[in-house]
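All of these numbers come straight from a predicted model, not from anything done at the bench. Within every chain, numbering begins at 1; the chains are lettered A, B, ... in the order of the sequence lines, protein sequences first and strands thereafter.
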Amino acid sequence: MQQQYPFKQVEQQAQQFWEANNSFLAKQSSDKPKYYCLSMFPYPSGKLHMGHVRNYTIGDVLSRYHHMKGFNVLQPMGWDAFGLPAENAAIQNNVPPAKWTFDNIAYMRKQLKSLGFAIDWSRELATCQPEYYKWNQWLFLRMLEKGIAYKKTQVVNWDPVDQTVLANEQVIDGRGWRTGALVEKREIPGYYLNITGYAQQLLDDLDQLTGWPERVKTMQANWIGKSVGVRFAFTHSIKNNEGALIDDGKLWVFTTRADTIMGVTFCAVAAEHPLATHAAQSNPALATFIEQCKQGSVMEADMATMEKEGMDTGLTVTHPLTGEAVPVWVGNYVLMTYGEGAVMAVPAHDERDFGFAKKYKLAIKQVIHVNGHIFSDAAWQEWYGDKSKGVCIHSGKYDTLHYEDAVNAIAADLKAKGLGDKQINWRLRDWGVSRQRYWGCPIPIVHCDSCGDVPVPDDQLPVKLPEDCVPDGSGNPLNKLASFVNCACPSCGKPAKRETDTMDTFVDSSWYYARYASGFSSEVMVDAETNYWMPVDQYIGGIEHAILHLLYSRFWFKVMGDVGLLDSDKIAAAEINHIKSTATQASQKNLPSNGTTVCREPFANLLTQGMVLNHIFSRRTDKGGIEYFAPEEVSLVHDEQGKLIGANALKDNLAVDFQGMGTMSKSKRNGVDPQSLIEQYGADTARFFMMFAAPPEQTLEWSDSGVEGSHRFLRRVWNFGYVLSNEKKSNLPAKLSNGLAAYRREIHATLKQANIDLHRLQFNTVASACMKILNALEKLQKEAEADWQSVAHEGCAILLRLLSPIAPHITQSLWQTLGYGDNILKATWPEALATAMVQDEVEYVVQVNGKLRGSITLAKSMEKSQIEAIAVNQPFVQKHLENASVRKIIVVPNKLINIVVG
RNA sequence: GCCGGGAUGGCGGAACUGGUAGACGCACUGGACUCAAAAUCCAGCGUUGGCAACAACGUGCCGGUUCGAUUCCGGCUCCCGGCACCA
């Protein structure tokens, strides 16, 4: 008789049970090792998407697993609540961003709760709360005091019609998304954080992040991009209209290839460079070109792929070593705000410079002799492909010097002339945090005509963001809000204007993990409890955050330490030893070896989860646009083998195009609503499918039938639980029959592998281990050998505990039903027993010349020589020895025999 | 353009440190149950040839190392993520 699987009731009861018992309330406790499990908090966009479900299920599996392993677990949740989408929604629906945001939070919180996550909701926070963002402002002021925050010019995308700054996302094919106007680059003042001052630390400390994926560390190291080169100046006597030397008569550049300096044939400067501006005054064509350079977006991908263009300024500068006159060009690929705003050009030894020189017929001078290549146009491809560094030629006194010696000699000569020196250069740029937007944390500065830019005093924090504004798409509405802008200067008391720029939302997300871990005081940013919980033991989030968010968080956390907020260097040796004895492999990796210092890093272990994909269906409309179809609006066409060959729209039964798999998005209409999934199949099914369908780090392809399969499995678990609940509970007999012993061995061996997979964070194979165990249990029951119940109860208790982090509701319910206990969370984690897995015979695979030819079962203790003799005598081996003899035999113990013949 | 990653049956994936390629699931096919269908259960299922035993081929492509390569090395192709104001 099939049992119903009443998942709604089961899930509701389990959730009530956890709530009544305060099961997930995290408190400082000294008798258990701590485990801080953090998932990247969601942006409250409206409702959860599948990426959230996946992310938070991974976090929940780890939290519940560690809970059962005896850790003191903290798993918090909150909202990354400032940002652009709220302003867009406001423009569209005429609702203040605050209301939209808080409504979304309320709905999404409900959704999260229905998924049964083991979250400590008492620590919930939203970054748009003044109690939270007050501390953004407070730390920003500390950074101003320390000189970490400073003001300089930034370049932004400017929409000339809406008179507003555009985010990169709002620039489509070089035009504003609302106006269609060509976007311009515009320079405006803004605040920067000196993250480059922390570049060396950020680079060095990557080595200590042994719990991070290599690829993320590589990406960060490349992003920081340390290079040692030479900064030097060309000289000139060009004067501005006031008669003063422009930039003191020096044009500074930086190069990592100082050995090629003798091959410089021109310099390129940014359109905004003072030399360019000066030359343009008497050169209308150049002035026009400079204007053209200002068109287009500031995105690096655009800059790197655009056609490189330039124009001669007619000016020359003097080469510091040869004294030759070097022409100065304006290049559209040189940015004023990066580096010196000028570059030297060596066409013979740089691909971009070569292209530019060919295009504008500029001189090309070979000064490096690489593996005998003599420069010529025809030989260029081969020549440039040879990236090795060579020996200087045509370089006067530097001839015959190799790269390193040449750089040293040239740097020394430049230094002697006072025109340059070796310098470390970072690809990393300082972090511009000013945004000309409304829905963000106000920058706590007041502009006073008499006193200049005055920081808001600490006792006047937070500078609260007015919550009733409705942006209209043209500029920051704060500018028009007199009640916000007009204020008294904190220094002299005279009327002054408040700064209306808000902070980059990456600031909000750079320290939320530390606030969760503290007591939410209104007096301090973080308190002593933060020291207890930090660092985060496991951080989980999308791979798309591998660089920016993670780098900013690492930087911000180091600054917090530097202003004395954290005490993460002091963990008692005793506690470390205790943690070491109990910690999982993953969390142990982060422990300090000597027991005294911990590096100031916020995230000890990192798991970067893959995206959730679904089919994309579309069709060209009559007007030439694209109409997207949701997966439930089409019927799929398969061939006899089940291969997808097409699809038809349900509404008109005409064909639609299958665009392959893509990330779930609103615009492509291929999202699946988690809510309908939960209602139709339950939270446990949603969770199980998410864990089973793919390993956490890979992309996950949505599949309706895969969800049904997961639900089918849970229903079988439910049925089996009820069948077994009617069977006697007896202890294992002293001696099991061969049949029962084989089942028991299979269950324990599967458990052993599953525990290894849990440590590897490979949850898809843990889920399949649960399936394997159930398959074994069902067969065991069907065969119903005497005493089968004893093995079945042991196996079922293993299955429920192993499955419980993934599907917590059904397992909690069955744990009670089967009388194993009241609360499965308090059960001990199952470990495979060696005694259950003993085997005296093993199967050897036999290969001939590496090809599988058969297998033999041998006693486990057999001698190698005996194994070889038996293997060679097998008929399936003898067959291959008719015209050949044995040359060598390789025996891999308990696994494989390879007989090499010839 | 630059940085990082990926590619295995009809599909999602497995094979943890070079040792049986395809675990587990989905889809499909056949069978049982049923008046019938759904659900459930049983069996089959990489490709090619063969009644079969078996043989050959097979982990994106080309080449290398090795007794043995999905795994290591060199060179490609295509796809995905990031590129500093989406979060």
Side-chain angles (χ1 to χ4, degrees), chain A residues 2 40 42-43 45 80 83-85 154 156-157 165-171 213-216 218-219 221-223 225 298-306 351-352 427-432 434-437 504-506 509 542-549 551-552 608 610-611 613 638-644 660-663 692-695 697-710 712-713 716 719 753 756-757 759-760 762 764-765 767-772 775 782 843-847 849-852 855 887-890 892 895-902:
Chain A
Q2 290 286 313
M40 289 181 187
Y43 178 80
S45 55
D80 189 12
L84 204 51
Q154 55 178 345
V156 295
N157 302 308
V165 177
L166 297 177
N168 284 338
E169 188 190 50
Q170 297 171 317
V171 180
E214 277 312 313
R215 57 173 166 158
V216 175
T218 308
M219 278 192 266
N222 290 340
W223 183 262
V298 299
M299 281 179 267
E300 185 173 310
D302 289 350
M303 301 289 294
T305 50
M306 72 184 178
E351 199 166 16
R352 185 182 65 188
R427 206 191 78 93
L428 179 69
R429 306 195 296 258
D430 276 348
W431 177 11
S434 289
R435 296 291 179 272
Q436 295 68 46
R437 289 187 212 300
D504 180 3
T505 54
F506 274 125
S509 55
I543 181 69
E544 67 272 20
H545 295 292
I547 295 175
L548 292 179
H549 161 63
L551 194 66
Y552 290 146
T608 49
M611 309 240 182
L613 312 181
H638 299 271
D639 67 8
E640 316 84 65
Q641 285 180 309
K643 188 176 185 173
L644 180 62
M661 287 287 184
T663 51
F692 178 61
E697 304 218 282
Q698 281 182 35
T699 55
L700 181 151
E701 297 189 10
W702 184 260
S703 145
D704 288 325
S705 49
V707 172
E708 282 164 32
S710 297
R712 196 149 47 217
F713 165 69
R716 277 168 57 207
N719 279 318
Q753 185 60 46
I756 293 169
D757 290 346
H759 283 275
R760 292 196 294 150
Q762 193 170 295
N764 56 328
T765 48
S768 53
C770 292
M771 290 174 154
K772 275 188 206 174
N775 288 347
K782 212 159 279 173
E843 193 189 35
Y844 273 88
V845 161
V846 182
Q847 296 180 336
N849 285 342
K851 279 196 184 196
L852 177 67
S855 68
R887 308 227 162 195
K888 194 173 170 187
I889 300 177
I890 287 141
V892 181
K895 256 190 186 157
L896 174 141
I897 304 154
N898 187 15
I899 299 157
V900 185
V901 305

Pairs under 3.5 angstrom, nitrogen or oxygen only, protein versus nucleotides 15-23 of chain B, please.
unit_1 : atom_1 : unit_2 : atom_2 : d
B:rA15 : OP1    : A:R760 : NH2    : 2.9
B:rA15 : OP1    : A:Q762 : NE2    : 3.2
B:rC16 : O4'    : A:R760 : NH1    : 3.3
B:rG19 : N2     : A:N898 : ND2    : 3.3
B:rA23 : O2'    : A:K772 : NZ     : 3.0

Report the residues that fulfil ring-ring contact (aromatic ring centres under 6.0 Å, His included) with [X], sequence neighbours left out, ordered by chain and then residue number.
X      : answer
A:W702 : A:F689
A:F713 : A:F688
A:F506 : A:Y552

Distances under 3.5 Å between nitrogen or oxygen atoms of protein and nucleotides 71-75 of chain B:
none

Residues in salt bridge (charged side-chain N to carboxylate O under 4.0 Å, His left out) contact with A:R887, at least two apart in sequence or another chain: none
How would you list, by chain and number, every residue that makes a salt bridge (charged side-chain N to carboxylate O under 4.0 Å, His left out) with A:R760, sequence neighbours excluded? A:D757
Shortest non-hydrogen contact from A:Y43 to A:D80? CD1-O, 2.9 Å
On RNA chain B, more 5' by nearest nucleotide between A:G706 and A:I543 is A:G706
Under the rule for side-chain hydrogen bond (donor to acceptor under 3.5 Å, both in side chains), what residues qualify as partners of [X], not counting sequence neighbours?
X      : answer
A:E843 : A:S855
A:S45  : none
A:D430 : A:Y150, A:T196

Atom pairs, N/O to N/O, protein against nucleotides 1-4 of chain B, distance under 3.5 Å?
unit_1 : atom_1 : unit_2 : atom_2 : d
B:rC3  : O3'    : A:N222 : ND2    : 2.7
B:rC3  : O2'    : A:N222 : ND2    : 3.1
B:rG4  : OP1    : A:N222 : ND2    : 3.4

Note every stem involving RNA chain B: at least three consecutive Watson-Crick or G-U wobble pairs, i with j then i+1 with j-1, with both distances under 3.5 Å. B:1-7 with B:77-83, B:10-12 with B:24-26, B:28-32 with B:40-44, B:46-49 with B:54-57, B:60-64 with B:72-76
